[in-house]
Amino acid sequence: MFNYTAFDESKVEFAEIAPASELPNGERLFVDIGDKPIVIFNIAGHFFAIGDVCSHDEGPLGDGTVEGNNIVCPRHGGEFDIRSGQAVQMPAVVDIPAYPVQVRDGVIFVGLPAK
Ligand code: FES
């Protein structure tokens with residue numbers, strides 16, 4: 001499970017995304033960082049970022065329904081914890097990437113592994 005509070009910042013590069021005001025509570029934002037499709041969520045004022053590709057059969061995960069802290073894949077109903085990327089419902093069994101998110105001076109940044 002991804003731990004947002006225990007990653008090594010020297011191994012992460014943060015990309016500037018957008019003003020946090022453009023992502024209100026309950027909304028999601030689709031971005032590509034390099035070749036990685038990522039979806040960012042605002043859940044009750046907390047921001048989370050996960051890969052936008054389902055690990056089961058590459059479904060468009062970010063288009064799924066959010067239920068609490070989970071997202072349900074629209075293709076076959078696999079479910080993932082948005083906070084960690086952990087697969088929590090069959091047929092999904094492989095976790096998806098979760099990325100650290102920071103808000104600095106009102107701007108959202110998403111961290112990816114440093115090159
Ligand atoms: S592609 Fe997502 S559950 Fe099958």
Side-chain angles (χ1 to χ4, degrees):
M1 176 179 286
F2 188 85
N3 185 337
Y4 285 90
T5 60
F7 65 92
D8 182 349
E9 289 213 27
S10 70
K11 295 181 178 171
V12 176
E13 289 178 358
F14 281 89
E16 183 173 337
I17 304 299
S21 59
E22 292 184 8
L23 185 53
N25 183 21
E27 298 294 323
R28 64 191 78 176
L29 182 65
F30 294 87
V31 297
D32 288 315
I33 303 177
D35 60 352
K36 295 187 189 317
I38 292 173
V39 56
I40 307 165
F41 296 87
N42 179 341
I43 299 177
H46 297 278
F47 296 92
F48 303 97
I50 57 173
D52 186 25
V53 180
C54 181
S55 62
H56 173 242
D57 192 27
E58 301 183 356
L61 187 58
D63 292 337
T65 303
V66 174
E67 296 180 357
N69 291 312
N70 294 346
I71 185 159
V72 181
C73 179
R75 189 168 289 173
H76 308 111
E79 202 166 325
F80 299 86
D81 189 324
I82 291 169
R83 300 167 298 176
S84 65
Q86 183 179 21
V88 295
Q89 178 68 47
M90 296 281 278
V93 293
V94 176
D95 298 347
I96 57 168
Y99 304 97
V101 181
Q102 295 181 345
V103 178
R104 304 179 201 153
D105 296 327
V107 177
I108 298 169
F109 289 80
V110 171
L112 277 82
K115 294 180 181 126

Quiz item: Could you give the distance from CD (Gln86) to CD1 (Ile96), rounded to the nearest 0.5 Å?
Solution: 11.0 Å
Exercise. For the residue pair Phe14 and Pro100, establish whether any side-chain heavy-atom pair is separated by less than 4.5 Å.
Key: yes
Quiz item: Measuring from Phe30:CZ to Ile40:CD1, what's the distance to the nearest 0.5 Å?
Solution: 10.5 Å
Quiz item: What residues join Val88 in its hydrophobic cluster, counting side-chain heavy atom gaps under 4.5 Å, either direct or through other members?
Solution: none
Self-check item: Connected via hydrophobic side-chain network under 4.5 Å: Phe47 and Ile33
Solution: yes
Quiz item: In chain order, what residues pass the side-chain hydrogen bond (donor to acceptor under 3.5 Å, both in side chains) check against Asp63, with sequence neighbours excluded?
Solution: none
Quiz item: Should Pro113 and Val12 count as side-chain neighbours, where that means a heavy-atom distance under 4.5 Å?
Solution: no
Exercise. Run through Ile43, Val39, Asn70, Asn69 and flag the one making a side-chain contact (heavy atoms from CB on, under 4.5 Å) with Ile82.
Key: Ile43
Exercise. Sort and list the pairs that fulfil side-chain hydrogen bond (donor to acceptor under 3.5 Å, both in side chains) and have at least one residue in residues 103-113, not counting sequence neighbours.
Key: Gln102-Arg104
Quiz item: Are any of the side-chain heavy atoms of Phe41 and Val66 separated by less than 4.5 Å?
Solution: yes
Quiz prompt | side chain to side chain contact (heavy atoms under 4.5 Å, CB included) partners for His46, two or more places apart | solution = Phe48
Quiz item: Linking Ile, Leu, Val, Met, Phe, Trp and Tyr through side-chain heavy atoms less than 4.5 Å apart, which residues share a cluster with Val93?
Solution: Met90, Val94
Quiz item: To the nearest 0.5 Å, how far apart are CD1 in Ile38 and CG in Leu29?
Solution: 10.5 Å
Quiz item: Which pairs with one or both residues in residues 56-79 pass ring-ring contact (aromatic ring centres under 6.0 Å, His included), sequence neighbours excluded?
Solution: His56-His76
Practice problem: Locate the shortest heavy-atom distance separating Ala92 from Ala87; write the atom from each residue and the value. | Solution: O-CB, 3.7 Å
Quiz item: Under 3.5 Å, side chain of Asn42 to main-chain N/O of Glu27, donor-acceptor pair present?
Solution: no
Exercise. State, with a plain yes or no, whether a side-chain heavy atom of Ile71 is found less than 4.5 Å away from one of Glu79.
Key: no
Quiz item: Excluding sequence neighbours, so at least two apart, what forms side chain to side chain contact (heavy atoms under 4.5 Å, CB included) with Glu58?
Solution: Val53
Quiz item: Between Asp95 and Asp81, is any pair of side-chain heavy atoms under 4.5 Å apart?
Solution: no
Practice problem: Would you give the length of the straight line joining atom CD of Glu13 to atom CG of Leu112, rounded to the nearest 0.5 angstrom? | Solution: 8.5 Å
Self-check item: Those residues that, when tested against Cys73, pass side chain to side chain contact (heavy atoms under 4.5 Å, CB included) (two or more places apart)
Solution: Cys54, Leu61, Arg75
Practice problem: Work out which heavy atom in Gly78 is nearest to a heavy atom in Pro91; give both atom names and the distance. | Solution: N-CD, 3.7 Å
Exercise. For Pro37 and Asp32, work out which heavy atoms get closest and say how close.
Key: CA-OD1, 3.2 Å
When the side chains of residues 17-25 are checked against the rest of the protein, which donor-acceptor pairs come out under 3.5 Å, sequence neighbours left out?
unit_1 : atom_1 : unit_2 : atom_2 : d
Asn25  : OD1    : Ala44  : N      : 2.7

